[in-house]
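Structure, as structure tokens:
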Amino acid sequence: MAAPPAALVSKVKKHFIGIPAPLGYVAGVGRGATGFTTRSDIGPARDANDVSDDRHAPPTKKKKKDEEEDDDEDLNDSNYDEFSGYGGSLFSKDPYDKDDEEADMIYEEIDKRMDEKRKEYREKRLKEELEKYRQERPKIQQQFSDLKRGLTMVSEDEWRNIPEVGDARNRKQRNPRAEKFTPLPDTVLSRSLGGESTSSIDSASGLMSQYPHGTVTPGMLTPSGDLDLRKMGQARNTLMNVKLNQVSDSVEGQTVVDPKGYLTDLHSMIPTYGGDINDIKKARLLLKSVRETNPNHPPAWIASARLEEVTGKIQAARNVIMKGCEDNPKSEDLWLEAARLQPPETAKAVIAQAVRHIPTSVRIWIKAADLESETKGKRKVYRKALEHIPNSVRLWKAAIELEDPEDARILLSRAVECCPTSVDLWLALARLETYENARKVLNKARENIPTDRQIWTTAAKLEEANGNINMVEKIIDRAISSLSANGVEINREQWIKEAIEAEKCGSVKTCQALIKAIIGYGIEDEDRKHTWMEDADSCASQLAYECARAIFSHSLAAFPSKKSIWLRAAYFEKNHGTRDSLETLLQRAVAHCPKSEVLWLMGAKSKWLAGDVPAARGILSLAFQANPNSEEIWLAAVKLESENSEFDRARRLLSKARASAPTPRVMMKSAKLEWCLNNLDTALQILEEALVKFPDYAKLWLMKGQIEEQQGDVDRAHETFNSALKKCPSSIPLWIWLARLDEKRKMLTKARSVLEKGRLKNPHNPELWLEAIRIEFRAGMRDIANTMMAKALQECPNAGILWSEAIFLEPRPQRKTKSVDALKKCEHDVNVLLAVSKLFWSERKLQKCREWFNRTVKIDPDFGDAWAYFYRFEVLHGTEEAQLDIKKRCIAAEPHHGEAWCIVSKNIDNWRLTTENVLMLVAKDLPIPI
């Protein structure tokens, strides 16, 4: 192959040879080439920014007039601003590229940065403007808040005398006039009926045309001449009289239909069914098909009759049901339905036919007796029925109920012969017979029905009622053995129910015998105690106290040394028995459990409450012998003597107790006795001796500080509390008393510091938080108190005393929301329940308030504040009966806790007050919640 000429060979190599094309390069685009698309290409062959070739471009759509107006720039003076020029974008028609986007992002970041700098100032200014606006234009609720608080001082008479709000509408709106209907004159009616021409508007042309009236309805006879409506009314009355005379009785001359009430009675024939007529037709057709397909199916006839009855066609219903009786003469349901649909006299005839067809139907005979109005007729029907069905217990019972006792006894003797397996008939006969004959009757009943327990229990009740007590247990034992021999399953629950029924009937010995015989039946030895205690509680809850007493008696016989059973029996007798029964039980209890201090103390307290102080002393002396050096018995003896003003004997007992059993409680009670008798120096001396032996017993330190404060030596009391906290840093009352002492000394900062230190030593303690909040509140720092409350609830979210305080720290509108939050966190806390009760009281919702007070004292009867608030509420809003009831329940509960309660009950001046006196004092000083 020849080499190419030298002219064609380029000696200098181009710089772009072998280098990839730049991004977006299209060959020949500089000279106007547009590229082309082949079958192998995907998408256009040119870039999006290429110059377009409009040679083959589709025709452009014609712009709408609105779009053209939008595209034009708005150069109006109203759109011009001196600073920013004309509104809108100058370059809105130009393409939006990456540089524009980047510039917009930079400007947006600058705007955000500038906005953040001004944000704090702007928000502050907005807040100030809002507060200023609220002050100038307060809400209606805020404007009337002081007046609403003043409503608490309004008396009931003033409430009643507030006038009613009148109707502010005008007279026309208050008394709307009823629509007026003007009666049409007779001439208009006669003209309309007389064939005269009438003017009307043609719907097609809209022109008024006249046409004779007779031509509108072809075939109608159009009367001519004037029509007298008065004569038409007379003719109608004459026709009605003729019809009423036709239905009158020709024999006696009395009319069957009341002429005056005839038209009124027609209203009763209006069907009461409010459903769809088509549904009735479908149901009627369906039931007709069922009847024709299977005429011997009684429910189809009954359903058809009831359908007609519902639609108001009572005669059609009677016809249908009688047709059904003809086709099914042996169906008692059809005959009973027919008797129900017929009037009473006709119903008797229907039932007579039914009896002829089905003489053995009990229900038909009972219906026949029900249709009789006199007792004599009923007896006759029942005796006739018993001739046909002598073994029907139902008929015998119905017949016997109509008889006198003597005739009933004769009938029953015949009834038990015909129905020897009916327990009720045998028992009824036994009740009507004498004692000897009743025993014979029951013996015969046992022979005929050897598997029924009621006959045996009735026999036991019979023996008990006639004084034959020894036979009762024998009969019950024989009953269980006989029934077991005859294959009857002995069910404990059924027999215990039988015992409860026997107690309700007054047969106590039978009840006890039943419990004794059945209590241990079918129970494992290890389950006896638990099961028997459950049975006793169940009987007590059903008010069957003799049954429960019998169960306790049997349990104590089986477990004589079980202290828990003796205690439960003692509490049962205390709540449901008499004082004598309780003391008898406790004497037996201490004989079997002499080491149980509680039983000795219950016996002594029972004697003391009865006023027999020497007997109480005797019991306690016996308790000393059985339990030497027992702290509880020492203190009980001291309380007995001090309550009866035997202070010297109490002192001697306490000195002996300190010598033989020097416990912290004995030392504390010794000091308290001297404190109560106002021997403060002696009390301090005893406390100092006690603190040498028991330096970590916080109550001794607390008493010492309180006595020193009472003497007026505040600095010494302060030192005592500080020393106490070094020994007992976990004692919350010591921290609180020290903080209150500092508050009294006007050292508020010191008090805060003490409580802060206490919270550090005892974290998560709601009492310390509450005291800190109250100190701030008493100092007038309400905002600080609210802040501390929020912190306290975060640290102790389930503390009821904090939530109860938080509810009343809130403004009145927010209290309800706060109470809902409190109940979610502490649903069964008595402090929260009491706060909710007070909230209802402040809102005058008295019934709800009473319900919540009852709920509070039921959950914790030992909470004295709830009783005091409840009593105060009933004094203001309740009756004397309610006040006495609360007082009685409070004395029975003997509450010991509660902030307001303890302030009064633990005041040394009130040491001899009873529960009733404390209740009255606490309730008197309680504030009314507002």
Side-chain angles (χ1 to χ4, degrees), residues 453 457 473 476 480 489-593 596-603 605-606 828 830 854-863 888-895:
R453 69 175 184 277
T457 54
E473 284 191 20
I476 298 300
I480 292 177
E489 181 185 357
I490 304 299
N491 190 324
R492 281 184 80 254
E493 293 182 1
Q494 292 179 356
W495 282 86
I496 290 173
K497 284 182 182 177
E498 197 73 36
I500 294 172
E501 291 297 326
E503 180 183 349
K504 289 178 180 177
C505 295
S507 303
V508 177
K509 294 295 180 183
T510 304
C511 148
Q512 294 172 351
L514 283 166
I515 292 292
K516 184 179 178 182
I518 201 64
I519 191 67
Y521 197 89
I523 299 177
E524 300 293 335
D525 290 344
E526 59 269 16
D527 296 335
R528 287 187 299 171
K529 179 188 169 187
H530 176 69
T531 307
W532 291 347
M533 293 301 100
E534 284 185 352
D535 291 338
D537 292 341
S538 174
C539 291
S541 65
Q542 298 179 54
L543 307 182
Y545 300 134
E546 290 298 331
C547 289
R549 197 170 279 119
I551 293 172
F552 278 124
S553 176
H554 187 79
S555 304
L556 292 171
F559 303 102
S561 60
K562 286 285 185 183
K563 185 179 79 171
S564 59
I565 301 178
W566 284 109
L567 273 174
R568 293 183 76 158
Y571 283 122
F572 173 79
E573 291 295 341
K574 181 183 176 182
N575 294 327
H576 306 295
T578 60
R579 186 172 61 83
D580 294 334
S581 65
L582 174 61
E583 291 175 359
T584 306
L585 179 74
L586 289 171
Q587 288 175 6
R588 290 170 53 208
V590 296
H592 287 91
C593 303
S596 176
E597 299 171 355
V598 180
L599 295 171
W600 287 107
L601 295 176
M602 285 182 73
K605 187 174 182 180
S606 177
H828 300 295
V830 286
N854 272 312
R855 191 181 301 179
T856 308
V857 298
K858 188 176 181 181
I859 284 180
D860 187 5
D862 195 50
F863 188 54
K888 183 179 176 183
R889 287 162 61 191
C890 180
I891 292 168
E894 294 184 0

Single hit among His554, Arg492, His530 for side-chain hydrogen bond (donor to acceptor under 3.5 Å, both in side chains) with Asp535: Arg492
Donor-acceptor pair between Arg453 and Asn491 side chains, under 3.5 angstrom: no
Any Glu583 side-chain heavy atom under 4.5 Å of Glu573 side chain: no
Value rounded to 0.5 Å, distance of CD in Gln512 from CD1 in Ile519: 12.5 Å
Close side-chain approach of Lys574 to Leu586, heavy-atom, < 4.5 Å: no
Close side-chain approach of Leu585 and Phe552, heavy atoms under 4.5 Å: no
Spacing of Thr531 atom OG1 and Glu526 atom CD [to the nearest 0.5 Å]: 9.5 Å
CG on Leu567 to SG on Cys593, rounded to 0.5 Å: 8.5 Å
Gap separating the CG atom of Leu543 from the CD1 atom of Ile500, nearest 0.5 angstrom: 10.0 Å
Pairs meeting criterion salt bridge (charged side-chain N to carboxylate O under 4.0 Å, His left out) with involvement of residues 499-520, two or more places apart: Glu473-Lys516
Sub-4.5 Å side-chain heavy-atom contact between Trp532 and Ile565: no
Parallel, tilted or perpendicular: ring planes of His576 versus Tyr545, cut at 30 and 60 degrees: parallel
Reported CD1-to-CG distance for the pair Ile551 and Leu556, which is rounded to 0.5 angstrom: 12.0 Å
CD on Gln542 to CG on Asp537, rounded to 0.5 Å: 11.5 Å
Side-chain heavy atoms of Arg579 within contact of Ser606, under 4.5 Å: yes
